K.L.:
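Starting off with a structure, shown below.
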Amino acid sequence: MRVELGPGGPALVDAEPLRPKGENAVLVRVELAGLCRSDLKEVAGNRHGVSQFGHELVGVVEESTVDGLGPGDRVTLDPNVPLERGTGFATSMWAAGPAGKLRAALPVVPADVDARRLIFTEPLACAQHCLGAAARHIGEDLAGQRVGVLGAGTAGALIAGLAHALGAEVVLGNRSQDRTDFLRDRAVLDAPIGPLEEMPSDGLDIAIVATSFVLPEVLREALRTVVPGGLVLLYGGTAPGDALPGLDCDLDGVRRGELVTSASWDGKPVRVGGSYGTVQDDFGAAIRALVELDPSALPVERMITEEIPLTALPGTIRTQLVTRPLGKTLIHP
């Protein structure tokens, strides 16, 4: 059983798992899946790039032709490794491709850690990649840096929490109060959280735009908050041709190319950099953070707001497309 995308939107299909062709293949029984904002963007037709529908999962290998990835291994999914695969919104998911890519795409995770914590491996790997990109762009570690994260959704909260754990001085801002209240009420982050407009002007070394899309009004706030010569990091979604009047920068090119470029905003010199995707090391770092850090330092489970059966997922997606969901929705096959 799986959820597929069709002309009428997401629908539940009662069928055997898809078995893609390939010399090497792995069958994963899905233990738990997570609904990501990018899944909703894909259903809505406003996400650019290859399909990653159903990419947050924890599962157990049931069948495998790959050495080093055998039955009983508990795995998660790196959706940025190119493979032929089904969706994680299913009871089982097949993946096929070269053995090395299958091992890279299905990182092994500990068997004794709650799946409700490990389900955050992929989004936390994205947060790790974002902060790694920031460190590369400024040429030094983040410890002691004044980092602002603009956007208090799941991605922004994870980026801010991980930056705080790495020793940065962190502030998290959001355009609306509901998300900041949500994070405060659940004690998700031990750092200041408030409205974007209250973030200090010229007060941040790094401003990370972590909203679902890099919106002009949020980007202007990021440019306002960084010190002269500071870094504005583009993490949220962009599309070809995206630009901000007054800022000489190809936003989509910088983000997808993970470039850093010098620019000027209202007479202030700034640097604009990008973060896009993940690499294999990001997953190792994310797994270590989830397993080795004191859970109180990264209390990801507090962001879980809804747990549903797979059969309820099509309806939940349709609802979340027209509402404003807070926190993380988990799917039990």
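Values in this document were obtained by computation on a predicted structure and should not be read as measured data.
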K.L.:
Take atom CD in Gln177; do more than 12 heavy atoms of anything else shown fall under 6.0 Å from it?
P.N.:
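No - once you tally the heavy atoms of other residues, nucleotides and ligands closer than 6.0 Å, there are 12 at most.
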
K.L.:
Test your reading of the model: is there a side-chain donor-acceptor pair from Arg179 to the backbone of Gly327, 3.5 Å cut-off?
P.N.:
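No, because the side chain of Arg179 does not come within donor-acceptor range (under 3.5 Å) of the backbone of Gly327.
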
K.L.:
Where do Ile193 and Arg184 come nearest, in terms of heavy atoms and distance?
P.N.:
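Smallest interatomic distance, heavy atoms only, reads O-NH2, 2.6 Å.
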
K.L.:
Could you please spell out the steps behind the side-chain hydrogen bond (donor to acceptor under 3.5 Å, both in side chains) verdict for Glu4 and Thr87?
P.N.:
CA-CA 8 Å; Glu4 290 186 351; Thr87 177; over 6 Å; no

K.L.:
Does a donor on one side chain sit under 3.5 Å from an acceptor on the other, for Glu42 and His55?
P.N.:
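Checked: Glu42/His55 side chains show no N/O donor-acceptor pair below 3.5 Å.
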
K.L.:
Verify, without hydrogens or angle tests, whether Asp282 (side chain) and Val279 (backbone) share a donor-acceptor contact under 3.5 angstrom.
P.N.:
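Yes, Asp282 side chain to Val279 backbone: donor-acceptor pair under 3.5 Å.
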
K.L.:
Show the nearest heavy-atom pair for residues Pro79 and Arg85, with the distance to one decimal.
P.N.:
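It is CB-NH2, 4.2 Å.
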
K.L.:
What's the separation between atom CG in Leu35 and atom OG1 in Thr316, rounded to the nearest 0.5 Å?
P.N.:
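Output value for this atom pair is 8.0 Å.
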
K.L.:
Kindly indicate, with the supporting measurements, whether the criterion side chain to side chain contact (heavy atoms under 4.5 Å, CB included) is fulfilled by Thr311 and Met1.
P.N.:
CA-CA 9 Å; Thr311 52; Met1 188 164 57; 4.2 Å; yes

K.L.:
For residues Ile317 and Val13: do they belong to one hydrophobic cluster (side chain heavy atoms under 4.5 Å, members Ile, Leu, Val, Met, Phe, Trp, Tyr)?
P.N.:
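In one cluster: no.
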
K.L.:
I want to check something: taking the side chain as every heavy atom from C-beta on, are Cys249 and Val254 in contact at a cut-off of under 4.5 Å?
P.N.:
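A side-chain contact under 4.5 Å exists here.
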
K.L.:
Do Val109 and Ile119 share a hydrophobic cluster, counting only Ile, Leu, Val, Met, Phe, Trp and Tyr and linking them when any side-chain heavy atoms are less than 4.5 Å apart?
P.N.:
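They do share one cluster, since a chain of ILVMFWY contacts under 4.5 Å joins Val109 to Ile119.
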
K.L.:
Take atom CG in Asp67; do more than 12 heavy atoms of anything else shown fall under 6.0 Å from it?
P.N.:
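No, the 6.0 Å shell around CG holds no more than 12 heavy atoms from other groups.
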
K.L.:
Assess whether a salt bridge exists between Glu31 and Arg74, defined as any Lys/Arg side-chain N lying under 4.0 Å from an Asp/Glu carboxylate O.
P.N.:
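Looking at Glu31 and Arg74, the cut-off is met.
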
K.L.:
Between Arg116 and Leu32, is the side chain to side chain contact (heavy atoms under 4.5 Å, CB included) condition met? List the steps.
P.N.:
CA-CA 8 Å; Arg116 296 171 76 255; Leu32 189 65; 4.1 Å; yes

K.L.:
Taking the basic N atoms (NZ, or NE/NH1/NH2) and the acidic carboxylate oxygens, is any pair closer than 4.0 Å for Glu62 and Arg29?
P.N.:
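Looking at Arg29 together with Glu62, the answer is yes, because their closest N to O distance falls below 4.0 Å.
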
K.L.:
Does any N or O in the side chain of Arg271 come within less than 3.5 Å of the main-chain N or O of Gly229, such that one atom is a donor and the other an acceptor?
P.N.:
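Looks like yes, one N/O pair under 3.5 Å.
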
K.L.:
Please tell me if the side chains of Trp265 and Arg220 come closer than 4.5 Å, counting only heavy atoms from C-beta onward.
P.N.:
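Trp265 vs Arg220: side chains touch.
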
K.L.:
Working note: Thr278 + Asn80, criterion side-chain hydrogen bond (donor to acceptor under 3.5 Å, both in side chains); need CA distance, chi angles, decisive distance, verdict.
P.N.:
CA-CA 7 Å; Thr278 57; Asn80 294 306; 2.7 Å; yes

K.L.:
Is a donor on one side and an acceptor on the other found under 3.5 Å between the side chain of Arg256 and the backbone of Pro240?
P.N.:
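No, because the side chain of Arg256 does not come within donor-acceptor range (under 3.5 Å) of the backbone of Pro240.
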
K.L.:
Going from CG on Leu290 to CG on Leu162, what distance comes out if it is rounded to the nearest 0.5 angstrom?
P.N.:
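If I round to the nearest 0.5 Å, the distance is 9.0 Å.
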
K.L.:
Grab the two heavy atoms, one from Thr323 and one from Pro325, that are nearest each other, plus how far apart they are.
P.N.:
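Residues Thr323 and Pro325, closest heavy atoms: O-CD, 3.4 Å.
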
K.L.:
Do Ser92 and Arg2 pair up side chain to side chain, a donor and an acceptor below 3.5 Å, judged on atom types alone?
P.N.:
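The criterion, which ignores hydrogens and geometry beyond distance, is not satisfied for Arg2 and Ser92.
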
K.L.:
Can you check whether Gly230's main-chain N or O pairs, donor with acceptor, with Asp205's side chain at less than 3.5 Å?
P.N.:
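Absent.
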
K.L.:
Taking CG in Asp248 as the centre, count heavy atoms belonging to other residues, nucleotides or ligands within less than 6.0 Å. Is the count above 12?
P.N.:
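Counting other residues, nucleotides and ligands, CG of Asp248 stays at 12 neighbours or fewer.
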
K.L.:
Between Tyr276 and Arg255, is the side-chain hydrogen bond (donor to acceptor under 3.5 Å, both in side chains) condition met? List the steps.
P.N.:
CA-CA 6 Å; Tyr276 184 65; Arg255 185 180 78 93; 5.4 Å; no

K.L.:
I'd like to know if the side chain of Gln52 pairs up with that of Asp39 as donor and acceptor (distance under 3.5 Å, no hydrogens or angles considered).
P.N.:
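Absent: no donor and acceptor within the cut-off.
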
K.L.:
CD1/Ile138 to CZ/Arg136 distance, rounded to the nearest 0.5 angstrom?
P.N.:
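Between Ile138 CD1 and Arg136 CZ, I get 11.5 Å after rounding to 0.5 Å.
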
K.L.:
Could you go through the side chain to side chain contact (heavy atoms under 4.5 Å, CB included) check for Ile206 and Leu142 one step at a time?
P.N.:
CA-CA 9 Å; Ile206 303 168; Leu142 297 186; 3.6 Å; yes

K.L.:
Looking at every non-hydrogen atom in both residues, tell me the closest pair between Val226 and Ala207 and how far apart they are.
P.N.:
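Shortest heavy-atom separation between Val226 and Ala207 comes out as CG1-CB, 3.5 Å.
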
K.L.:
Is it the case that the side chain of Arg186 and the backbone of Ile304 share a donor-acceptor pair, with hydrogens and angles ignored and the cut-off at 3.5 Å?
P.N.:
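It does hold such a pair.
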
K.L.:
The test is side chain to side chain contact (heavy atoms under 4.5 Å, CB included); show your working for Leu124 and Leu298 and say whether it passes.
P.N.:
CA-CA 10 Å; Leu124 193 63; Leu298 203 63; 3.7 Å; yes

K.L.:
When you look at CG of Asp190, are more than 12 heavy atoms from neighbouring residues, nucleotides or ligands closer to it than 6.0 Å?
P.N.:
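Counting other residues, nucleotides and ligands, CG of Asp190 stays at 12 neighbours or fewer.
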
K.L.:
Starting at OG1 of Thr305, measure out to NZ of Lys328 and round the result to the nearest 0.5 Å.
P.N.:
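So the OG1 of Thr305 and the NZ of Lys328 are separated by 9.5 Å.
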
K.L.:
Is it true that atom CG of Asp141 has more than 12 heavy atoms of other residues, nucleotides or ligands lying nearer than 6.0 Å?
P.N.:
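At most 12 heavy atoms, drawn from other residues, nucleotides or ligands, come within 6.0 Å of this atom.
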
K.L.:
Could you tell me whether the side chain of Lys268 and the main chain of Arg224 form a donor-acceptor pair under 3.5 Å?
P.N.:
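Indeed, once roles are kept as given, a pair shorter than 3.5 Å links the two residues.
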
K.L.:
Rounded at 0.5 Å granularity, tell me how far CG in Leu77 sits from OG1 in Thr121.
P.N.:
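Taking CG in Leu77 and OG1 in Thr121, the distance rounds to 11.0 Å.
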
K.L.:
Nearest 0.5 Å please: distance from the CZ atom of Phe283 over to the CD atom of Glu122.
P.N.:
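Result: 5.0 Å between the selected atoms.
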
K.L.:
Where is the tightest heavy-atom contact between Pro110 and Ile287, given as atom of each residue plus distance?
P.N.:
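Heavy-atom minimum between the residues: CD-CG2, 4.0 Å.
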
K.L.:
Please tell me whether Phe53 and Leu310 are part of a single hydrophobic cluster in this structure, the criterion being side-chain heavy atoms less than 4.5 Å apart.
P.N.:
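Shared cluster, yes.
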
K.L.:
Quick check: does any side chain N or O of Asp252 sit under 3.5 Å from a backbone N or O of Gly241, one acting as donor and the other as acceptor?
P.N.:
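Pair absent, no side-chain N/O of Asp252 close to backbone of Gly241.
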
K.L.:
Is the backbone N or O of Phe182 less than 3.5 Å from a side-chain atom of Asp185, with the two atoms forming a donor-acceptor pair by type?
P.N.:
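No; judged by distance alone, with no hydrogens or angles, the pair does not exist.
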
K.L.:
Does Leu57 offer a backbone N or O that forms a donor-acceptor pair with the side chain of Thr76 under 3.5 Å?
P.N.:
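Flag set: sc Thr76 to bb Leu57 pair under 3.5 Å.
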
K.L.:
If you take all heavy atoms of Leu172 and Ala157, which pair is closest and at what distance?
P.N.:
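Between these two residues, the closest heavy atoms are CD2-CA, 4.4 Å.
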
